[in-house]
Amino acid sequence: MAVKIEFEPRKKSLTVSEPESVSSLVNGHYGYMKKGVIHLFPEEALYLMDIRNARCHDSSLNEYKFNQVAAHFVAKKQMARYFTYKDWRDRGLIPRQVSEICEKYGRNNLKKYPGGKLHLDKYAISARFYADDLWSIVDDETVGKELYERYWFGQFGSYKAEQRGKLSKLDIYETLFLVRHAKMHIENSSEQLVIKAAKRQHKYFLSLYDVYEDWRLHGFVLKTGFKFGTHFRLYFPGASPVRANDEWVHSKHVIHCFPRESKLL
């Protein structure tokens with residue numbers, strides 16, 4: 001049985017009141033209930049019309065098609081929002097509106113991720129760049145350790161065994177970032193040659209670097225996401241590799257970049 005959606009264009013209200021349809025939508029976790037009536041968010045109503053053959057009418061029994069309903073809810077990237085919602089729903093996941101959570105629990109009860117901006121102290125950093133490997137090595141133990149422990153740049157010593165070794169290894173993104181924002185001196189190369197070497201191996205390097213730089217400047221820590229099959233894994237501001245009990249030390253998100261120039265089959 002098709003769900004019957006009642007639409008009030010002036011109020012931009014999308015509701016379902018027929019008992020059988022209400023029961024079906026409750027079981028499917030659509031909308032929110034008020035006095036026995038299901039109130040739908042625009043993406044939910046559009047999804048029901050698109051996928052579940054829902055019918056949409058106003059109080060005069062005028063029928064509204066998908067585009068006619070969507071036209072009353074003009075939003076930036078409207079179809080991107082809808083197809084994102086559809087994609088998650090098709091995967092068996094249930095997206096919900098943040099506004100609904102705020103209304104239900106109050107904004108003060110929402111957990112806020114820490115924010116911040118990166119403030120680098122001045123260091124005299126010198127490194128050697130290895131173009132084939134796309135790594136830079138800082139062999140000043142004091143500086144390398146400071147960059148690692150205070151800002152989580154590079155890998156000092158060995159992974160999860162910092163006491164084994166005195167070198168700091170910087171990946172290509174960290175290398176370029178420190179050249180641009182900490183005036184790091186490359187003993188055997190220059191910023192232009194570092195970029196050239198990176199672009200030889202990674203066609204869209206600069207697009208990925210732009211993403212890396214933006215997040216880093218906002219205080220977040222980005223590390224390779226290779227083992228997760230993505231470009232970066234993300235740590236929140238204040239995360240440190242030497243504070244094991246820090247609430248934010250574990251990565252909670254990954255970032256994958258899709259440059260505008262790239263093509264996907």
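From a predicted model like this one, the values you see are computed outputs, not experimental measurements.
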> Would Ile38 and Met33 count as a side chain to side chain contact (heavy atoms under 4.5 Å, CB included) if you check the C-alpha gap in whole Å, the side-chain angles of each, and the deciding distance to 0.1 Å?
Replying inline: CA-CA 5 Å; Ile38 291 286; Met33 181 81 76; 4.0 Å; yes

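- Looking at residues two or more places apart in sequence or on another chain, you find a side chain to side chain contact (heavy atoms under 4.5 Å, CB included) between Asp214 and His218.
- Contact of the Pro95 side chain with the Arg89 side chain is registered, since non-hydrogen atoms from C-beta on lie closer than 4.5 Å.
- For Glu63, the side chain to side chain donor-acceptor pair (under 3.5 Å) criterion is met by Arg55, not counting sequence neighbours.
- Met79 is not connected to Trp88 by any chain of hydrophobic side-chain contacts under 4.5 Å among Ile, Leu, Val, Met, Phe, Trp and Tyr, and they are in different clusters.
- Listed by first then second residue, pairs satisfying side-chain hydrogen bond (donor to acceptor under 3.5 Å, both in side chains) with a partner in residues 189-202 read Arg180-Glu191, not counting sequence neighbours.
- A donor-acceptor distance shorter than 3.5 angstrom exists from the side chain of Asn188 to the backbone of Phe129, with no hydrogens or angles considered.
- No donor-acceptor pair closer than 3.5 Å links the side chain of Thr15 to the backbone N or O of His39.
- To the nearest 0.5 Å, atoms NZ (Lys4) and CD (Glu18) are separated by 4.5 Å.
- Side-chain contact between Val179 and Val194: absent, with no pair of heavy atoms (C-beta onward) separated by less than 4.5 Å.
- Residue pairs meeting the side-chain hydrogen bond (donor to acceptor under 3.5 Å, both in side chains) criterion with at least one partner in residues 119-135, sequence neighbours excluded, are Asp121-Arg150, Tyr123-Glu146, Tyr123-Arg150, Ser126-Glu187.
- Geometrically, Arg216 does not engage Tyr151 in a cation-pi contact defined by less than 6.0 Å to the ring centre and at most 45° from the axis.
- No path of Ile, Leu, Val, Met, Phe, Trp and Tyr side chains, each step under 4.5 Å between heavy atoms, connects Val254 with Trp215, placing them in separate hydrophobic clusters.
- Legend: residues meeting ring pair (Phe, Tyr, Trp, His ring centres under 6.0 Å) with Tyr173, ordered by chain and number and at least two apart, are Phe205, Tyr212, Phe232.
- Annotation: ring-ring contact (aromatic ring centres under 6.0 Å, His included) contacts involving residues 65-84, sequence neighbours excluded, comprise Phe7-His72, Phe66-Tyr82.
- Listed by chain and residue number, nothing satisfies the ring pair (Phe, Tyr, Trp, His ring centres under 6.0 Å) test with His185 (two or more places apart in sequence, or in another chain).
- For the pair Glu44 and Arg96, the salt-bridge criterion is met [side-chain N within less than 4.0 Å of a carboxylate O].
- In this structure, Ser158 contributes its side chain and Arg164 its backbone to a donor-acceptor pair below 3.5 Å.
- Take Ser60 and apply the side chain to side chain contact (heavy atoms under 4.5 Å, CB included) test, not counting sequence neighbours, and it matches Asp58, Asn62.
- From Leu14, atom CG reaches atom SG of Cys56 across 6.0 Å, with rounding to the nearest 0.5 Å.
- In this structure Gln155 satisfies the side chain to side chain contact (heavy atoms under 4.5 Å, CB included) test together with Tyr148, Tyr159, Glu162, sequence neighbours excluded.
- Two different hydrophobic clusters hold Leu167 and Phe153 under the rule that ILVMFWY side chains link at heavy-atom gaps under 4.5 Å.
- Phe228 and Leu208 fall into different hydrophobic clusters, where Ile, Leu, Val, Met, Phe, Trp and Tyr side chains are chained together by heavy-atom contacts under 4.5 Å.
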>> Between His181 and Leu217, is the side chain to side chain contact (heavy atoms under 4.5 Å, CB included) condition met? List the steps.
In response: CA-CA 9 Å; His181 297 282; Leu217 288 174; 4.0 Å; yes

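- For the atom pair CD1 (Ile5) and CG (Leu46), the distance works out to 8.0 Å, reported to the nearest 0.5 Å.
- Annotation: ring pair (Phe, Tyr, Trp, His ring centres under 6.0 Å) contacts of Tyr85 (sequence neighbours excluded): Tyr47.
- Residues that satisfy the side chain to side chain donor-acceptor pair (under 3.5 Å) test with Lys223, not counting sequence neighbours, are Glu174.
- With hydrogens and angles ignored, the 3.5 Å screen pairs no side-chain donor or acceptor of Ser24 with any backbone N or O of Glu20.
- Residues Val37 and Leu48 do not share a hydrophobic cluster, defined by chaining ILVMFWY side chains whose heavy atoms lie under 4.5 Å apart.
- In this structure, Phe236 and His253 have side chains that are in contact, with non-hydrogen atoms separated by less than 4.5 Å.
- In terms of the side chain to side chain contact (heavy atoms under 4.5 Å, CB included) criterion, residue partners of His256 (sequence neighbours excluded) are, by chain and number, Thr230, His231, Phe258.
- Within the 4.5 Å cutoff, no side-chain heavy atoms of Phe177 are placed close to those of Met184.
- Of the inter-residue distances, the one linking Ser168 atom OG with Ile125 atom CD1 reads 9.5 Å to the nearest 0.5 angstrom.
- Closest approach of Ala2 to Ser21, counting heavy atoms only: O-OG, 4.2 Å.
- Within the 4.5 Å cutoff, side-chain heavy atoms of Leu25 are placed close to those of Leu40.
- Annotation: the span from Leu178 atom CG to Leu170 atom CG amounts to 6.0 Å, rounded to 0.5 Å.
- Looking at Leu193 and Ile186, their side chains never come closer than 4.5 Å, going by heavy atoms from C-beta outward.
- Between the side chain of Gln78 and the main chain of Ala70, a donor-acceptor pair closer than 3.5 Å is present.
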